[in-house]
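Keep in mind that the numbers below use all heavy atoms, side chains included, and drop hydrogens, waters and symmetry copies. Numbers here are sequence positions counted from 1. Both counts, for ligands and for their atoms, begin at 1 and track the order of listing.
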Amino acid sequence: MADAVSRAVGAKPRLFVTFSLPPEVRAVIADSFDAHYAEAPGALARPGTEPALAACELVLVTATDTLDAAAVAALPASVRAVATYSVGHEHIDLAAARARGLAIYHTPDVLSEACAEVGLLLLLGAARRATESIALVRGGGWQGWTPLQLNGWGLTGKRLGVVGMGRIGREIATRARAFGMDIHYYNRSRLAPELEAGARYHASAESLLPVSQFLMLACPATADTIGFLNAARIAQLPRGAIVGNIARGSLVVDEDLVAALKTGQVAAAGLDVFNHEPDIHPAYFDLPNCFMLPHVGSATIETRVEMGRLVIDSLQAFLRGEPRGNRLA
Ligand SMILES: NC(=O)c1ccc[n+]([C@@H]2O[C@H](COP(=O)([O-])OP(=O)(O)OC[C@H]3O[C@@H](n4cnc5c(N)ncnc54)[C@H](O)[C@@H]3O)[C@@H](O)[C@H]2O)c1
Ligand SMILES: O=C(O)[C@H](O)COP(=O)(O)O
């Protein structure tokens, strides 16, 4: 374990923050920490950052900061704990962090409901042709109501297949049930009956996909799931399926989804996350049946404040030497 930076008695612990935070969170941070805000993407790797970082024992990052093995190794010896303002942690090499004795925290649970709301927004926006509707109204081309105008597909009575029935997947299932959907899921392992809440478990993606009139991706990006939604799996969906991705862009092979949106194998897609954000695959922009949001799953004021509270609590617990459930390494 690296030595802590020396701290005068009574001095606040020093925290390096790579991004801007809501004012409510900044205020709470100011009560307990002496914070340095870099407020720019890629701050950890930027030349000139080193002196400020080397003065800190705690670091707060987001999912847009890469902490792979090389970046972990490059952290100044002063840094003892990192909290990520995200639940997803594929940007952090946990094994490298453990090997270096670096504590890592993330923000589970507090964002599940906000993300589930966006999950339903993705399904509704795709199924009810929101991209075309918004363009029609805003473009001034709307000529008034007709029976044939922009008819989409209802959620009621349809089967929803959830890939990854974790915290967010279960909140999506709860809301989709309220829309009259029949929930099926594929997960690494079967849930306990009380968590399943009547959803039907499938032991493989190959079993889930053929019944999924709607499909929601809600699992983490891992070596097993990157590229999950490829041409072969899309072909297993019922023709005209509707696909949502609330999880990570890397779960989808963009060229394959674009091809399926063109042929109608996938009738519509709702995407909150993308490969290579913010550089979205250009073909999506030509597809009126693609409903896109700019990674806003957890973007409510309440949730962002709660995420802030959780990272602060976590770092304070670290300093007190207390165990916490949201510690990853
Ligand atoms: N769009 C957004 O703004 C946003 C916000 C928060 C989280 N996310 C993403 O959502 C993901 C899920 O978050 P969560 O809190 O629900 O996580 P979670 O760990 O509670 O749930 C993930 C579920 O996926 C399952 N899973 C993992 N690997 C699998 C595999 N190979 N096959 C099938 N199932 C698998 C796990 O068993 C678990 O039940 C995060 O990892 C993150 O990438 C996106
Ligand atoms: O929406 C968010 O807050 C960002 O994606 C942070 O990462 P997450 O998606 O894992 O929470």
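Looking at G166, G88, C115, S86 and measuring to atom 5 (C) of ligand 1, the nearest heavy atom belongs to C115. Of the candidates E171, M165, R167, H89, R167 brings a heavy atom nearest to atom 17 (O) of ligand 1. One option in L251, D272, L191, T225 has a heavy atom closer to atom 31 (N) of ligand 1 than any other, and that option is T225.
Not close to ligand 1: S112, with no non-hydrogen atom less than 4.0 angstrom away. V273 counts as a contact of ligand 1, since one of its heavy atoms falls under 4.0 Å from the ligand. By the 4.0 Å heavy-atom criterion, A221 is excluded from the residues contacting ligand 1. Ligand 1 has V87 within reach: a non-hydrogen atom of the residue lies less than 4.0 Å from it. By the 4.0 Å heavy-atom criterion, P108 is excluded from the residues contacting ligand 1.
Considering backbone and side-chain atoms alike, V296 places every N or O at 3.5 Å or more from each N or O of ligand 1.
Here R248 has side-chain heavy atoms under 4.0 Å from ligand 1, and that is the only part of it that gets that close.
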Which atom pairs, one a donor and one an acceptor, fall under 3.5 Å between side chains of residues 44-54 and the rest of the protein, sequence neighbours left out?
| residue | atom | partner | partner atom | Å |
| --- | --- | --- | --- | --- |
| T49 | OG1 | A43 | O | 2.9 |
| T49 | OG1 | R46 | O | 2.9 |

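The ring pair (Phe, Tyr, Trp, His ring centres under 6.0 Å) analysis of residues 198-248, with sequence neighbours excluded, yields the pairs H184-H202, Y185-Y201.
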